[in-house]
Every structure is written in C-alpha cells, then in structure tokens.
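The next block holds one structure in the form of structure tokens; read it before the comments.
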Amino acid sequence: MKIKLLVIFNLLLISSLHVMSQPAINSAAVEKVWAQYNKYKEPAITNRFMKHAQMMPLIQKHVDSKFVSRDEIGKSVRDRSINHLIAGRGKTKVMLWSQMHGDESTATMALFDMFNFLSAKDDNEGLRNLILDNLELHFVPMLNPDGAQAWKRRNDLEIDINRDARMQVTPEGRALMELAKKLQPQIGFNLHDQNYLYSSGRSKNSATISFLAPAYNYPKDMNDVRKRATQIILSMNKALQTKSPGNVAKYNDDFDPRCFGDTFQGMGISTILIESGGYYQDPEKQFIRKLNFLALLNAFESIATASYEKEDLKDYDLIPENDNSLYDLFIKNVTISKEGHEFKTYLGINRTQIRNPDNSGMTYSGRIAELGDQELMFGYDEIDATGLKFTPARIKTMTRAEWDKLSPNQELDLIKGGYLFVKWSDSKSPVGAVKNRLLSLTNNKESPVEEAGIGQSAHFLLTRDGKPVYAVVNGYKVDLGQPAKVLSNTYGY
Ligand SMILES: [Zn+2]
C-alpha cells in the first residue's frame, strides 16, 4: 500500500511538473537528436523518387551491420521483393509500413533516417536503448514498389492497395495482412502522403502532417485500441507543434472497411495514419521528411515510456481537420480586363506536377485554377494586387546563342521591360519544361496568355501605371523589387 501511495504521489509530482514546465514538450533526448538530424539523414536518398533497386542496397547495409534482420514477406505484381525488417528487443510490437501508394514516399525516406539513428553508436545511446529495449520494431518500407517505379498511387493490377484490405486481391495487400496476422502487433503506423494543397482547418497553414486514428466501425466508437492510437497521435502532435506550429491537421474519420487502417484497428492493432502534406518552399518534401522522423521518434519514445497514456482524448478535438483553403499562389484584388469588361477579382493559381518520362522527378505547370470573389482562401505565396493590373507579357526575339548567354539578371531586366517569353529567330525552341530560368520560350508570334481565364497558363505581369511590379511566371510569384532568382522550371510553348 505504502509503495502504491508513493507511486501515486510521484505521478502527481510528475504531472504537476509537466504542467509547470511547458513548453518543454519534447524530451531533452529527442531535442538533441533533432538537432543532430543531419548526422542520421540517409545521404543516398537525395529526393523523393527513390526506386526499389536504389532501396535494396540501403536495406542490405543494415542487414550486414546486423542492425536489422530481414525476411521477404511477398513479391509485388512485377516480382519486386516486399521486405520486412526487424529491430529491437522489447516486448511491445510496433509495425510500420510505408508507400502503400507508390507516389507517397516521404515516410520511406524518414524510415531510412530512423534506421541510421537507431543503428548508430554515439552519445544518443540513452534514447536509442530506451526504444530498442522496449519495442520490437517491424518495418515494411515501400509496400508498393511497382507503384514507386512508375510514380503512381496504385499497384500494377490498377488496384488501390489501401482499398484492398477486405478482398485482398493484390499480392502487396496480402503480404501486409499476413504479416499483421502473424505478428499481432499492439501498434501500427500506416504511412502516406496527401495533397500538398490541404490546409489545417480553414487557414493559411498547410496541413504538413495529418493524423488519423481510424474508426473500426460505422458509428466511429472509441475503444481502448483506438484510444491508444489517439493518445500517441496527441503526443506526436505536441512534438510537431514545437517545430512547425499550426501545420498539423487530422484526417476525416469516416469508417471504410476496405482500408487497412480501419481493418487493423478492428483487429486490435492500435493503428495510426500519418499523412505527409505540403510545406512552404519544400516541394521535394525534405523538411517534411525530417518532421516524419521527429514524429516517429517521439512516438517510439512515448510508447517505450508509456507517457502517451497521460494524453487527454479531448485534445484530439482541438486538432483542426484537413481543409481545402490553399493555392500555390493567391492574388487578391487584381484588376483584369476580359471580354471588354474591366473588374477587380481574385485569382487562385496552382502548379500541376508532371512526371518526368523516366519517373525520376517532376516539373511544374502553373495555371489559373479559380477566378472571382473568394472567402477564406489563401496561398503558399500571396500577392495583394490592389491597384495593380493584369497585363499580358510580350515576346522578345533573339538568337538561340543570345538566349544561351542570358544571365538571371538580364532575364529579370527583360521582365521589368514587359517580356516573359523569348522566341528564337534562328531555330525552333523546345516545348515543355525549361529548367532554371526566369523567362519562358515560345515558337508562336503571340503571347500564350492574352487575358486571365480559368485553365490558362499562369504567365502575366501585374503592372501599376503600365510599369511591371510583379510577374507571374509559370505560376510562380516573381517580385521585381527583389534580386534575380531562377525558377525550378518555366515553360516552352
Ligand atoms: Zn496514400
């Protein structure tokens, strides 16, 4: 009895300390690893388009060092291995699988960073051993390698694996289900990416990480299994808020028995969905990769110490839901002329992602997505165009050799003179993405964009008294008062 009382007293002390000592939300050990993240970041993964053939040597490295043991739990439709990696010697089984959707790779990158942290030998041994002594970790990185190869959501049977938990017609889905049934882990992490234009509630904040503790039935009841998943989410939410305040949201929790998360929750596995969305000026998701690493590290620590049990379920209601209030670029109060009418309006502009032919990367094509009055809409970038006029740009003619020699400053000067396009006088210029430029190319006599319209390519000037103040180039904002900086890609028409 005495011991019990002492324990209760200690718990009270700890929880009162916890309240008093905010905002120390991450443990000192987690903070230290965050500060040293670059040491663990897997250098072989330089972008989000990693393929199965590039991943396998990284797995082998960790097998060779005896950090993980590996077994093959199945093969994809195209015979690529599906790998199950085991680390840790604890009694709580945690299973994590990533990239069930082939074009959602942020967590896969973070998992390899996590392997590097967990297998390192350095002065972060305390946190590392806490995790490895208390958890038995089961990883399935890149569940859909065929989808990753083609950079597409579905598998090569054209089935969405995350709608295949019930019918299990995909070899990838079957492998995951069989593993879950065999292991019966207490906790599962279902790691995905979501639309980068999702916002956290109706706000300017992107939903960089969205969570869900999926429902296990239509009434969306709460039981101990789902409660534990929710509490772990609350712990991760607090960790993320310290690094990226306001950029966390939660996913719709409507029950869908076709989904793995919902099904696993019903099987008694506390399942957590993590969706990586967008972040300002991080199209390649490398900061989001780091946030994934942090979320998982925090989760492992809180599972190892059971500290998540302190989380109050009511706090889950405070996390905003995913919403759609973001554009890539939002232009407010611009004056446009259309069909002989002049009026003030808002323009919402998005940059569509286009896969490279070899699926090794993306180019972007900016278009006007919306025109008209808008309320509670925002942009990753915004322009207050009060007093500014939408003005079509001109075409500058020059030789190909002159184009090749143009410096960014010279390109910026041309934009200030009203030009956004170059036409080669001596040859035909290429059509498609033009990398690391400010100006676009055209083979036409007339500007591709004469007036603002939905679906139009987003190349135009915003002028005051005829003088360009901003340019919009392929959907990117170019502030003409700032130094020249080339864009990821412009376009050839
Ligand atoms: Zn997904």
Side-chain angles (χ1 to χ4, degrees), residues 48-52 55 76-77 80 82 95-111 139-177 179-180 188-200 206-215 229 233 236 248-265 269 271-279 282-285 288-289 291-292 295-296 321-324 353 355 359 362:
R48 62 195 166 106
F49 302 100
M50 180 171 64
K51 310 298 181 207
H52 185 265
M55 177 181 73
S76 69
V77 172
R80 295 188 172 95
I82 299 171
M95 179 173 150
L96 306 93
W97 58 98
S98 74
Q99 222 169 335
M100 173 185 275
H101 294 138
D103 55 355
E104 301 178 5
S105 65
T106 307
T108 304
M109 298 190 281
L111 288 181
F139 300 95
V140 182
M142 198 187 281
L143 181 68
N144 180 3
D146 299 345
Q149 194 69 29
W151 200 249
K152 62 176 187 184
R153 178 181 176 88
R154 294 171 183 239
N155 84 337
D156 272 3
L157 301 177
E158 295 193 308
I159 298 285
D160 181 335
I161 298 172
N162 207 23
R163 303 292 180 272
D164 190 37
R166 190 166 59 185
M167 295 187 83
Q168 291 174 48
V169 299
T170 61
E172 300 89 353
R174 273 198 302 275
L176 184 67
M177 182 58 79
L179 183 65
F189 286 85
N190 189 7
L191 305 170
H192 289 253
D193 283 62
Q194 66 182 3
N195 191 330
Y196 74 100
L197 292 174
Y198 281 161
S199 54
S200 172
S206 58
T208 306
I209 300 286
S210 292
F211 290 115
L212 175 67
I233 287 172
M236 289 189 284
V248 178
K250 65 187 176 210
Y251 215 79
N252 179 306
D253 73 342
D254 287 348
F255 175 63
D256 188 338
R258 301 171 304 161
C259 297
F260 274 90
D262 309 49
T263 304
F264 285 172
Q265 202 86 278
I269 304 166
T271 306
I272 294 151
L273 173 75
I274 301 183
E275 296 271 359
S276 294
Y279 190 78
D282 188 22
E284 293 309 322
K285 297 196 158 194
I288 309 173
R289 164 183 179 177
L291 291 178
N292 263 256
L296 292 177
E321 291 213 11
N322 270 355
D323 212 323
N324 291 296
Q353 302 193 10
R355 280 182 295 164
N359 301 315
M362 286 288 166

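Counting convention: from 1, in listed order, for ligands and their atoms alike.
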For Glu321, all residues meeting side chain to side chain donor-acceptor pair (under 3.5 Å), sequence neighbours excluded: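 Glu321 satisfies side chain to side chain donor-acceptor pair (under 3.5 Å) with no residue once adjacent residues are dropped.
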Of all N/O/S atoms in [X], the name of the one nearest the Zn ion (ligand 1):
{"X": "His101", "answer": "ND1"}
{"X": "His192", "answer": "ND1"}
{"X": "Glu104", "answer": "OE1"}

> With the threshold set at 4.0 Å, does a side-chain nitrogen-carboxylate oxygen contact exist between Asp193 and Lys285?
Replying inline: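 A salt bridge is present here (some side-chain N lies under 4.0 Å from a carboxylate O).
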field: Non-neighbouring partners of Ser199 that pass side chain to side chain contact (heavy atoms under 4.5 Å, CB included), sequence neighbours left out
entry: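 Applying side chain to side chain contact (heavy atoms under 4.5 Å, CB included) to Ser199 gives Asp323, Ser325, Leu326.
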Do Asp160 and His101 have side-chain atoms, one donor and one acceptor, less than 3.5 Å apart?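 A donor-acceptor contact under 3.5 Å links the two side chains.
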